[in-house]
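Below is one structure, written out as structure tokens; the observations come after it.
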Amino acid sequence: NIDVMISSQYSPLLAEGLSNGKIDAAFLRKERALPDLAFRLLVKEPLVVILPSDHRLAGLKAISPRELAGETFVIVSHTAPVLRAIIDNYLKRSRINITPAHEADHVTMGISLIMSTRGVGLLPAYAQNFLPAAVTSRPLKGDVPTVDLVLGYKKSNQSPILKLLLSRLDELVARVSKKAQ
């Protein structure tokens, strides 16, 4: 009697569903304000610059934050608060003043805005999987910010299926660690 539901939602909504018991497990960004949740790190994704393929910066192997100044900048909206905070902190730490021209609610919207405005943006590396030929990505130079993808669940959840999922995740992590050594 397992009911599996695949749902694509913003991380805050997934965290809320975990917290109120409507969801047993979710892949999301770690929400800090919910102490009843536990998170298992799956991957630390570097942010990359997304830009039109024929943009002047696309000819570079890597892009420094200073080279983003003066460009039409597309940023993620507050529907992705963890990613937005990482980008905002990175820009502040890099000592560049960028006023975003547009905000994107999700990855495909960000890519569309970058294509249509000929702007640039910072997104997690997985976004590269969705890029059409007219858009490319470049790594950032220097201290590259990362965003964590985690498996979240409610600490008090005693579901046998959740326990099985977590044990399999532990086995997978152990195998990957062993291979890395």
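Being a predicted model, the structure only gives us computed values, none of them experimental.
In terms of modelled atom types and a separation under 3.5 Å, the side chain of S53 and the main chain of V135 share a donor-acceptor contact. Remark: the backbone N or O of V76 is paired with a side-chain donor or acceptor of R84 at under 3.5 angstrom. With hydrogens and angles ignored, the 3.5 Å screen pairs a side-chain donor or acceptor of S116 with a backbone N or O of S112. R40 places no side-chain N or O within donor-acceptor distance of the main-chain N or O of L151, the cut-off being under 3.5 Å. A donor-acceptor pair is defined here as one N or O able to donate and one able to accept, closer than 3.5 Å; no such pair exists between the side chain of R138 and the backbone of V48. With S19 contributing its side chain and A15 its backbone, the two residues share no donor-acceptor pair below 3.5 Å. In terms of modelled atom types and a separation under 3.5 Å, the side chain of N157 and the main chain of S159 share a donor-acceptor contact. At distances below 3.5 Å, at least one donor-acceptor pair connects side-chain atoms of R66 with backbone N or O atoms of R95.
In the displayed structure, K141 atom NZ is contacted under 6.0 Å by more than 12 heavy atoms of other residues, nucleotides or ligands. More than 12 heavy atoms of other residues, nucleotides or ligands lie within 6.0 Å of CG in N129, so this atom counts as buried by the packing criterion.
When side chains are defined from C-beta on, P124 counts as touching R29, because their heavy atoms get closer than 4.5 Å. Taking 4.5 Å as the limit, some side-chain heavy atom of T72 sits within range of a side-chain heavy atom of H102. Using a 4.5 Å heavy-atom threshold, the side chains of L68 and L122 count as touching. Between V107 and F130 the shortest side-chain heavy-atom distance falls below 4.5 Å. Inter-residue side-chain proximity for P139 and P46 is flagged as unmet; no heavy-atom pair is nearer than 4.5 Å. Within the 4.5 Å cutoff, side-chain heavy atoms of E71 are placed close to those of V120. Side-chain atoms of K30 and L37, non-hydrogen and from C-beta on, never get closer than 4.5 Å to each other. N89 has its side chain out of reach of P145: every pair of non-hydrogen atoms, C-beta onward, lies at least 4.5 Å apart.
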Exercise. Go through L91 and F73 one step at a time and tell me if the side chain to side chain contact (heavy atoms under 4.5 Å, CB included) criterion holds.
Key: CA-CA 12 Å; L91 295 174; F73 195 77; 4.1 Å; yes

Quiz item: Which is it for L47 and L83 under the side chain to side chain contact (heavy atoms under 4.5 Å, CB included) test, yes or no, and what are the steps along the way?
Solution: CA-CA 9 Å; L47 297 189; L83 181 56; 3.7 Å; yes

Practice problem: Walk me through it: do E67 and S64 pass the test side chain to side chain donor-acceptor pair (under 3.5 Å)? | Solution: CA-CA 5 Å; E67 291 165 319; S64 75; 3.3 Å; yes

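Between K154 and D24 there is no salt bridge, since none of the side-chain N atoms of the basic residue sits less than 4.0 Å from a carboxylate O of the acidic one. Between K155 and D36, none of the side-chain N atoms (NZ, or NE/NH1/NH2) sits under 4.0 Å from a carboxylate O, so this pair counts as no salt bridge. In summary, D88 and K92 do not engage in a salt bridge, as defined by a charged side-chain N under 4.0 Å from a carboxylate O.
Connection of L14 to L165 is not established within any shared hydrophobic cluster, with ILVMFWY side chains joined at heavy-atom distances below 4.5 Å, either directly or through further cluster members. L18 and L166 are assigned to two separate hydrophobic clusters, defined by single-linkage of ILVMFWY side chains at heavy-atom distances under 4.5 Å. Follow the hydrophobic side-chain contacts under 4.5 Å out from F39 and you never reach L42; the two are in separate clusters. In this structure, V74 is not a member of the same hydrophobic cluster as Y10, with clusters built from ILVMFWY side-chain heavy atoms closer than 4.5 Å. Hydrophobic clustering (ILVMFWY, side-chain heavy atoms < 4.5 Å, transitive): V144 and V49 are in one cluster.
When all heavy atoms of I114 and L51 are compared, the pair lying nearest together is CG2-CA, 3.8 Å. Closest approach of I111 to P132, counting heavy atoms only: CG2-CD, 3.8 Å. Considering every non-hydrogen atom in both T146 and I86, the closest pair reads O-CD1, 3.5 Å. Contact record, A25 with L162: CB-CD1, 4.0 Å, taken as the closest heavy-atom pair. Annotation for M115 and A134: closest pair SD-CB, 4.4 Å, computed over non-hydrogen atoms. Contact between D105 and M109 at its shortest, heavy atoms only, is N-SD, 3.2 Å.
A distance of 10.0 Å separates CD1 in I75 from CG in L123, rounded to the nearest 0.5 Å.
Side chain to side chain, Q128 and S137 meet the donor-acceptor criterion of an N or O pair below 3.5 Å. Inspection of the H78 and E103 side chains reveals no N or O donor paired with an N or O acceptor under 3.5 Å.
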